[in-house]
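Being a predicted model, the structure only gives us computed values, none of them experimental.
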Amino acid sequence: MIHPSAHVDPAARLGKDVRVGAGAVVDAGCIVGDGCEIRAHAVVTGGTVLGQGNQVGYGAILGAEPQDHAYKADPENPSRLVIGDHNVIREYATLHRGTKPGSETRVGSHNFLMTGCHVGHNCRIGDRATIVNNVLLAGYVEVQDRAFMGGGAVVHQFVRIGELAIVRGGSAVGKDVPPYCMSPELNQVSGLNRVGLRRAGLPESARRNIFRAFSLLYRQGLNVTQALERIEADLEGAEIGKLLAFIRESKRGICKAYQRGGAKLETADTD
């Protein structure tokens, strides 16, 4: 199931039932798991590892050198791109391998990466995230499970997008977006991803705790340290634990409350 015009290096490893389209390239050292489809003119290079059941779209490029002046190829300890299972990577997406020797860019499983998106070196993408057309993720960005990145969003290096967070298309993000929140403008959050929380199957009690935590963090006039102390003292549950850990581990700081035109934050006290 390899098209006659495709180039698959003899030193590449292909699993069972792999399809490689016209003009596609799979370079030496790459591993392609069972049931993957690599469509026409896609390139898999740089020792990229693909799990099972992935779809690689037309013209996509996986595992090329990072766009980083610090990068120096090290044949003895190469960097690479590692991708899990059952991802859809659409046409002309670009996913680069790590910068430092032995480092990795990692993509989990069941993600949807749409046309023209870019995943820079050393990024981390969890599971079931959606990254829409032309999203640009700089180096070392982390996108956690089930996050949603709207079309054309731009994310600064080392920024983290929390679990079940949503970033509006066309926005720029240079601060961490906490789990469950919505970011509509530069480094701001306007409320919670209520639809996403329900679709994820979180019970009402967990959603209400998240709403209360959001209120303490953004609506009570507390600074971040005070808000975290109140959240830890007053609320409990796995989701609250994730939120606290995310904020405390932030290196770039978290987004502030949405303020454009004097607009108030979305009401988050009730479901």
Side-chain angles (χ1 to χ4, degrees), residues 45-51 60-74 77-84 87 89 93-109 111-114 116-181 183 186-189 224 242-256:
T45 189
T48 292
V49 177
L50 284 162
I61 300 177
L62 308 186
E65 297 92 339
Q67 296 175 142
D68 186 343
H69 288 299
Y71 174 71
K72 293 180 175 59
D74 185 346
N77 189 23
S79 61
R80 62 178 184 169
L81 166 67
V82 179
I83 297 174
N87 297 285
I89 301 169
T94 55
L95 287 71
H96 288 173
R97 63 182 184 260
T99 289
K100 295 179 181 179
S103 70
E104 296 177 343
T105 302
R106 297 193 68 92
V107 177
S109 298
N111 297 292
F112 193 2
L113 280 66
M114 298 187 191
C117 70
H118 173 68
V119 178
H121 61 86
N122 301 97
C123 284
R124 295 286 187 271
I125 298 176
D127 299 330
R128 302 186 185 279
T130 300
I131 300 178
V132 180
N133 302 48
N134 301 317
V135 168
L136 304 178
L137 305 181
Y140 297 98
V141 166
E142 179 182 355
V143 178
Q144 296 185 348
D145 296 351
R146 296 179 288 184
F148 185 96
M149 306 291 301
V154 179
V155 184
H156 194 280
Q157 64 182 355
F158 295 104
V159 164
R160 297 177 303 151
I161 309 299
E163 181 176 340
L164 279 166
I166 183 168
V167 176
R168 190 170 74 180
S171 60
V173 183
K175 299 284 187 181
D176 292 350
V177 180
Y180 323 121
C181 291
S183 176
L186 174 64
N187 299 334
Q188 299 183 55
V189 296
V224 173
K242 290 179 181 178
L243 181 65
L244 289 169
F246 182 95
I247 296 171
R248 285 173 172 156
E249 292 167 5
S250 177
K251 296 179 181 178
R252 294 191 58 83
I254 63 171
C255 290
K256 62 184 180 181

Exercise. Backbone N or O of Q188 within a donor-acceptor pair of the S183 side chain at under 3.5 Å?
Worked result: yes

For G98 and T105, the nearest pair of non-hydrogen atoms, with its separation, is N-OG1, 3.6 Å

Report task. Please examine the side chains of Y71 and H121, heavy atoms only from C-beta on, and report whether any two atoms are closer than 4.5 Å. Result -> no

Practice item. Can you label the angle between the Y140 ring and the F158 ring as parallel, tilted or perpendicular, going by 30° and 60°? Key: parallel

Heavy-atom closest pair (A93 atom, I89 atom, distance to 0.1 Å) is CB-CG2, 3.8 Å

CZ of R80 to CD of E104, rounded to nearest 0.5 Å, is 4.5 Å

| message | With a 3.5 Å distance limit and no angle check, can you tell me whether S103 reaches the backbone of S79 through a side-chain donor-acceptor pair? | response | no

Does the side chain to side chain contact (heavy atoms under 4.5 Å, CB included) test come out yes or no for T130 and M114, once each step is laid out?
CA-CA 8 Å; T130 300; M114 298 187 191; 3.8 Å; yes

All heavy atoms of D127 vs all of D145, minimum pair found to be N-OD1, 2.9 Å

d(L164 CG, I166 CD1) to nearest 0.5 Å is 10.0 Å

Nearest heavy-atom contact between V135 and M149 is CG2-O, 3.8 Å

So side-chain hydrogen bond (donor to acceptor under 3.5 Å, both in side chains) across residues 146-165, not counting sequence neighbours, yields R146-E163, R160-D176, E163-K242

Between the CG atom in L81 and the OG1 atom in T48, the distance rounded to the nearest 0.5 Å is 4.0 Å

Note to self: Are L50 and L62 packed together at the side-chain level, in the sense that at least one heavy-atom pair is separated by less than 4.5 angstrom?
What the structure shows: yes

Taken to the nearest 0.5 Å, the spacing of I125 CD1 from I83 CD1 works out to 9.0 Å

Closest non-hydrogen contact found for N87 with G108 is ND2-O, 2.9 Å

Q: Taking the side chain as every heavy atom from C-beta outward, state whether I161 and L137 have any pair of such atoms under 4.5 Å apart.
A: no

Q: Give the intermediate values and the outcome of side chain to side chain contact (heavy atoms under 4.5 Å, CB included) for residues V155 and V167.
A: CA-CA 10 Å; V155 184; V167 176; 5.8 Å; no

Between A129 and N111, the two heavy atoms sitting closest are N-OD1, 2.7 Å

Here the gap from E65 atom CD to T99 atom OG1, rounded to the nearest 0.5 Å, amounts to 11.0 Å

Taken to the nearest 0.5 Å, the spacing of S250 OG from K175 NZ works out to 7.5 Å

